[in-house]
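Small disclaimer: the values here were computed from a predicted structure and weren't measured.
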Amino acid sequence: GSAVAAPVVVGSKNFTEGVLLGEIATQAGREAGADVRHQRQLGGTRILWRALQDGSIDAYAEYTGTLADELLQMPGADIAAMQAALARDGLAMTAPLGFDNSYALGMRRAHASELGIRTLSDLRAHPTLRLGLSNEFMSRADGWPGLRNAYALPQSPDGLDHDLAYRALANGAIDATDLYGTDAEIPYHDLVVLRDDRAYFPSYAAVYLYRRDLAQRATALRDALHGLEGRIDAATMQRLNARVKLYRETESAVAADWLGLEAPDS
Ligand code: PBE
């Protein structure tokens with residue numbers, strides 16, 4: 001590559017899986033010869049989307065349902081329709097990486113079975129349940145306002161940080177929270193995922209979004225992103241999340257190990 005070119009920038013959302021996917025993209029891009037910097041934990045979904053559009057980052061990991069419902073406002077759009085909409089903004093996406101990370105509501109298994117709650121509809125009969133929902137979920141198009149309407153839910157949830165929600169659930173401070181399907185804490189805390197019996201949530205296949213001008217600036221990164229298509233299944237992603245969240249390895253070490261590379265210093 002050219003010695004004068006500025007590094008290309010991969011961004012990531014502020015949760016474990018986002019950082020892991022950012023590290024995987026960064027290290028795969030470097031391995032392919034691109035000069036890549038990872039700007040970690042930039043913020044929530046809308047911050048990353050804006051950064052991609054204004055060129056302060058060049059790529060980040062996103063989810064199809066988030067893209068359709070929240071970012072493009074094209075609920076139900078298929079991948080081809082989303083590709084076309086992205087292209088009009090100078091953006092592109094890879095094919096799915098191989099797993100879905102869907103929103104869901106979850107409870108402690110014993111508590112849910114004690115109350116006879118198996119589905120989201122079952123929550124209607126328990127108006128005093130304490131819902132603690134992640135801050136982003138509280139205000140998203142595919143989040144609480146739509147969920148409340150779809151199921152006529154009577155609770156008034158509180159917002160909290162997603163990483164604190166599991167502790168709050170485990171120690172009984174809240175009764176239910178929004179889960180991300182590949183979170184390592186779901187099996188670890190023996191949580192039950194309530195069935196979405198009205199099919200409210202879209203599917204959230206993980207993809208990378210990137211700027212089309214990468215074709216001029218860093219083909220190696222673009223090709224590396226496409227090289228990750230279909231390579232990560234849900235069990236693998238949940239295991240990688242567990243290594244960081246439960247067993248305290250760094251995202252860079254876990255990403256390097258999964259890619260079969262030497263662990264970087266950071
Ligand atoms: N998530 C779960 C997605 C949506 C569902 C938080 C991983 C996200 O948009 O980041």
Side-chain angles (χ1 to χ4, degrees), residues 6-32 34-67 70-71 86 91-94 96-103 134-137 140 161-164 180-185 204-211 214 218 220-222 224-229 231-232 234 236-245 248-259 261 263-266:
V8 288
V9 182
V10 168
S12 57
K13 295 192 197 181
N14 52 11
F15 71 109
T16 299
E17 181 173 296
V19 177
L20 269 168
L21 293 172
E23 267 303 297
I24 286 173
T26 300
Q27 294 183 27
R30 285 180 188 152
E31 184 67 9
D35 183 9
V36 189
R37 193 161 60 81
H38 183 189
Q39 199 161 345
R40 296 165 175 240
Q41 295 192 283
L42 216 48
T45 295
R46 290 197 164 275
I47 305 276
L48 274 293
W49 176 242
R50 214 173 307 135
L52 187 69
Q53 285 181 315
D54 73 19
S56 40
I57 63 172
D58 296 292
Y60 79 99
E62 191 48 281
Y63 302 88
T64 53
T66 304
L67 188 60
E70 170 76 356
L71 299 175
L86 289 168
L91 305 177
M93 70 194 277
T94 64
L97 304 183
F99 70 94
D100 269 42
N101 180 1
S102 183
Y103 274 133
S134 59
N135 291 310
E136 187 169 305
F137 186 78
R140 275 174 55 148
D161 186 90
H162 182 60
D163 284 334
L164 302 179
Y180 306 167
T182 50
D183 279 344
E185 291 89 340
Y204 294 89
V207 295
Y208 287 108
L209 300 185
Y210 63 89
R211 294 178 59 83
L214 275 188
L221 175 62
R222 188 200 58 185
L225 297 177
H226 284 284
L228 293 163
E229 294 169 351
R231 298 263 321 275
I232 310 177
T236 300
M237 192 68 242
Q238 196 169 45
R239 209 161 49 233
L240 300 182
N241 286 332
R243 289 176 61 174
V244 176
K245 284 296 282 297
R248 305 294 156 126
E249 292 184 74
T250 64
E251 288 92 345
S252 1
V254 172
D257 186 47
W258 182 78
L259 286 164
L261 305 172
D265 299 333
S266 66

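- For the atom pair CG of Asn241 and OG1 of Thr236, the computed distance is 11.0 Å after rounding to the nearest 0.5 Å.
- Atoms CD and CD1, from Glu251 and Ile24 in turn, are 10.5 Å apart once rounded to the nearest 0.5 Å.
- The side-chain heavy atoms of Gln27 and His38, taken from C-beta on, include no pair separated by under 4.5 Å.
- Residues Leu21 and Leu97 meet the side-chain proximity criterion, which asks for heavy atoms closer than 4.5 Å.
- Side chain of Arg211 to main chain of Leu52: a donor-acceptor pair is present (N/O by atom type, distance under 3.5 Å, no hydrogens or angles).
- At least one donor-acceptor pair closer than 3.5 Å links the side chain of Gln238 to the backbone N or O of Asp183.
- Side-chain atoms of Arg140 and Ser134 include no donor-acceptor pair closer than 3.5 Å.
- Inspection of the Thr45 and Glu70 side chains reveals no N or O donor paired with an N or O acceptor under 3.5 Å.
- Between the CD atom in Gln39 and the OG atom in Ser12 there is a gap of 8.5 Å [rounded to 0.5 Å].
- With values rounded to the nearest 0.5 angstrom, Leu209 atom CG is found 6.5 Å from Trp49 atom CH2.
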Exercise for the section: Could you check Asp100 against Ser102 for side chain to side chain donor-acceptor pair (under 3.5 Å), going step by step and ending with a plain yes or no? Expected result: CA-CA 6 Å; Asp100 269 42; Ser102 183; over 6 Å; no
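- Heavy atoms only, all atoms of each residue included: Ala220 and Ala32 are closest at CB-O, 3.5 Å.
- Looking at Met93 and Leu67, their side chains come closer than 4.5 Å, going by heavy atoms from C-beta outward.
- At a threshold of 4.0 Å, the pair Glu62-Lys13 counts as salt-bridged, since one of the basic side-chain nitrogens sits closer than that to a carboxylate oxygen.
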Exercise for the section: Let me see the working for Leu214 and Leu221 under side chain to side chain contact (heavy atoms under 4.5 Å, CB included), right down to the final yes or no. Expected result: CA-CA 8 Å; Leu214 275 188; Leu221 175 62; 4.0 Å; yes
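- With ring centers used as reference points, Tyr60 lies 6.0 Å or more from Tyr208.
- Note that the CG atom of Leu71 and the CZ atom of Arg50 stand 10.5 Å from one another [nearest 0.5 Å].
- You'll find the side chain of Glu136 stays beyond 4.5 Å of the side chain of Phe15, heavy atoms only.
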Practice task
Any chance you could lay out the side chain to side chain contact (heavy atoms under 4.5 Å, CB included) test for Leu20 and Met237, step after step, and finish with the verdict?
Solution key: CA-CA 9 Å; Leu20 269 168; Met237 192 68 242; 3.8 Å; yes
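- Of all heavy-atom pairs between Leu228 and Ala28, the closest is CD1-CB, 4.4 Å.
- You'll find the side chain of Tyr210 reaches within 4.5 Å of the side chain of Thr94, heavy atoms only.
- Nearest heavy-atom pair, Leu42 versus Ala51, reported as atom, atom and distance to 0.1 Å: CD2-CB, 4.1 Å.
- Ring centroids of Tyr180 and His162 are separated by less than 6.0 Å, placing the two rings close together.
- Annotation: side chain of Asp257 is not in contact with side chain of Glu249 (no heavy-atom distance under 4.5 Å).
- Of the N and O atoms on the side chains of Thr182 and Asn101, at least one donor lies less than 3.5 Å from an acceptor on the other residue.
- A distance of 8.5 Å separates CD in Glu17 from CD1 in Ile232, rounded to the nearest 0.5 Å.
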